[in-house]
Amino acid sequence: MPYFAELAADSYGSSDRDAPLVLLHGLTFDRSHWGPVLAQLDPDRRAVAFDLPGHGDSPRRDSYQLTDVAPVLHAAITEAGLATPVLVGHSLGAVLATHYAANYPARAVVNVDQPLQVAAFAELLHQSESRLRGPEWTDVWAMLLSGMHADLLPPTTRHLVESAQPRQDQLLGYWQEILETPIDELDKRLRAELTTIAAKHIPYHYVTGADVPAPYQDWLTALVPDVAITVLPGTGHFPHLGQPAALARLLNSVRLSSIF
């Protein structure tokens with residue numbers, strides 16, 4: 001298992017014919033979540049799945065704010081020799097991928113089931129904050145996890161969700177910005193990042209497990225007019241685990257000369 005900068009990683013392929021893939025997992029999970037997709041990818045395609053700070057085999061940090069984690073990721077991407085990669089992020093990883101593409105060189109972004117309108121989730125976290133900071137934090141995480149519908153996944157991949165071992169410091173660290181930053185400020189920042197991505201002509205693809213509500217689709221399209229949306233039904237919050245072959249086909253189509 002190599003480390004690039006301070007991030008543990010699994011590295012695959014060596015071809016520089018196509019844009020390399022950077023794979024970023026969701027909160028409490030680790031790089032093993034990409035195994036089913038990686039098994040379906042072009043075996044020559046350069047792809048690196050990272051453990052985010054404080055996950056898997058990557059060390060913990062004092063701060064998990066995006067502005068602190070993104071430079072760590074950039075150092076790892078640079079050390080791995082992944083010039084202008086395609087950022088593929090699930091859940092929290094998609095938030096990081098979006099932030100990264102707005103601030104560093106990127107070929108494209110594939111957002112796996114992470115809506116970027118933050119108000120409803122922020123309100124839920126604020127309502128649960130006292131429990132999150134106390135001994136009932138596991139109950140809050142269990143409630144959130146039940147809404148992700150891992151029960152829809154086949155047993156061969158569902159175990160990757162069920163075997164995760166979240167930590168209280170992990171949740172509070174990555175959610176600190178949501179808990180401490182006004183919602184309108186968070187919304188403004190996300191809007192600015194998406195606008196920057198559109199201005200840089202970086203293709204943006206949203207992959208989700210259910211039909212996208214029209215108001216959210218309108219919001220996203222207004223910020224990124226050329227956004228592509230793919231629905232992989234019956235996969236809940238985990239399209240990459242529910243239909244890994246379909247997501248791999250999408251990623252295999254992301255080439256240097258033809259994006260999406």
Side-chain angles (χ1 to χ4, degrees), residues 5 7 19-27 50 52-54 61-78 82-126 129 171-208 212-230 237 254 259-260:
L7 298 185
L21 301 172
V22 167
L23 305 171
L24 306 173
H25 60 79
L27 183 61
F50 289 103
L52 297 182
R61 295 180 58 83
D62 292 334
S63 171
Y64 295 115
Q65 294 191 52
L66 279 177
T67 51
D68 294 320
V69 172
V72 174
L73 177 62
H74 182 58
I77 286 172
T78 301
L82 306 173
T84 318
V86 175
L87 280 300
V88 185
H90 168 242
S91 197
L92 167 72
V95 177
L96 177 57
T98 301
H99 177 82
Y100 188 97
N103 291 278
Y104 298 96
R107 180 65 175 170
V109 177
V110 180
N111 173 336
V112 182
D113 208 64
Q114 180 54 60
L116 295 175
Q117 284 183 322
V118 72
F121 183 64
E123 183 177 347
L124 177 61
L125 287 190
H126 283 291
E129 184 172 2
L171 298 179
L172 289 173
Y174 275 96
W175 287 339
Q176 179 182 354
E177 286 183 276
I178 298 177
L179 290 169
E180 297 182 357
T181 307
I183 293 174
D184 59 346
E185 186 175 327
L186 290 171
D187 181 69
K188 181 179 179 180
R189 186 185 71 192
L190 284 165
R191 286 173 177 268
E193 289 175 353
L194 290 170
T195 300
T196 297
I197 287 170
K200 292 167 70 174
H201 303 291
I202 296 172
Y204 199 93
H205 202 124
Y206 180 47
V207 181
T208 184
V212 181
Y216 181 71
Q217 187 167 338
D218 292 344
W219 178 88
L220 186 58
T221 303
L223 295 168
V224 188
D226 294 328
V227 64
I229 297 175
T230 295
H237 184 50
V254 182
I259 299 297
F260 306 132

- Message: Using 0.5 Å steps for rounding, measure from the CG atom of Asp68 to the CZ atom of Arg61.
- Response: 6.0 Å
- Query: What are the two closest heavy atoms between Ile178 and Leu186, and how far apart are they?
  - Reply: CA-CD1, 3.8 Å
- Do the non-hydrogen side-chain atoms of Arg191 and Asp187 ever get within less than 4.5 Å of each other? yes
- Message: Below 30° counts as parallel, above 60° as perpendicular, anything between as tilted: where do the rings of Tyr104 and His74 land?
- Response: parallel
- Ignoring hydrogens and angles, tell me if any N or O in the side chain of Lys200 forms a donor-acceptor pair with the backbone of Ala106 under 3.5 Å. no
- Query: So do Pro20 and Val22 actually touch side chain to side chain, heavy atoms under 4.5 Å?
  - Reply: no
- Message: Just so I know, are the side chains of Tyr216 and Leu116 near enough to count as touching, which here means a heavy-atom distance under 4.5 Å?
- Response: yes
- Query: If you round to the nearest 0.5 Å, how far is CG of Asn103 from CD of Glu193?
  - Reply: 6.5 Å
- Task: Might you confirm whether atom CG of Asp218 has over 12 heavy atoms from other residues, nucleotides or ligands at distances under 6.0 Å?
- Result: yes
- Query: Closest heavy-atom contact between Val224 and Ala198?
  - Reply: CA-CB, 4.2 Å
- Note on the structure: Heavy-atom nearest pair, Ala19 first then Val86, reads CB-CG2, 3.8 Å
- Message: So which atom in His205 and which in Thr230 form the shortest heavy-atom distance, rounded to 0.1 Å?
- Response: NE2-OG1, 2.6 Å
- Item | Verdict with supporting geometry, Glu180 and Gln65, side-chain contact (heavy atoms from CB on, under 4.5 Å) | CA-CA 11 Å; Glu180 297 182 357; Gln65 294 191 52; 5.9 Å; no
- Validation row: Thr98, Tyr204 side chains within 4.5 angstrom (heavy atoms): yes
- Item | Side-chain heavy atoms of Leu52 within contact of Leu92, under 4.5 Å | yes
- For Arg189 and Leu66, what are the C-alpha separation, side-chain angles and deciding distance, and is it a side-chain contact (heavy atoms from CB on, under 4.5 Å)? CA-CA 11 Å; Arg189 186 185 71 192; Leu66 279 177; 3.5 Å; yes
- Enter the distance from Leu27:CG to Leu171:CG here, rounded to the nearest 0.5 Å. 5.5 Å
- Does some side-chain heavy atom of Trp219 sit less than 4.5 Å from a side-chain heavy atom of Pro213? no
- Task: Kindly give the heavy-atom pair with the smallest separation between Gly89 and Ala94, and that separation in Å.
- Result: O-CB, 3.2 Å
- Message: Nearest 0.5 Å, please: how far is NE2 in His99 from CG in Leu87?
- Response: 11.0 Å
- Task: Taking all heavy atoms of Pro85 and all of Ile77, pick out the closest pair and write down the distance.
- Result: CG-CG2, 4.2 Å
- Note on the structure: One should read off an interatomic distance between Asn111 CG and Leu96 CG, to the nearest 0.5 angstrom, of 11.5 Å
- Message: Tell me if a side-chain donor or acceptor on His237 pairs with a main-chain N or O of His90 at a distance below 3.5 Å.
- Response: no
- Query: Heavy atoms, side chains only, cut-off 4.5 Å: are Pro53 and Leu7 in contact?
  - Reply: yes
- Is the shortest distance from a Lys or Arg side-chain nitrogen in Asp184 or Lys188 to a carboxylate oxygen in the other one below 4.0 Å? no
- Message: Can you confirm whether Leu220 sits close enough to Val212 that some side-chain heavy atom of one is under 4.5 Å from a side-chain heavy atom of the other?
- Response: no
- Does any N or O in the side chain of Glu129 come within less than 3.5 Å of the main-chain N or O of Leu179, such that one atom is a donor and the other an acceptor? no
- Query: For the atom pair OH (Tyr206) and CD (Gln114), what is the distance rounded to the nearest 0.5 Å?
  - Reply: 7.5 Å
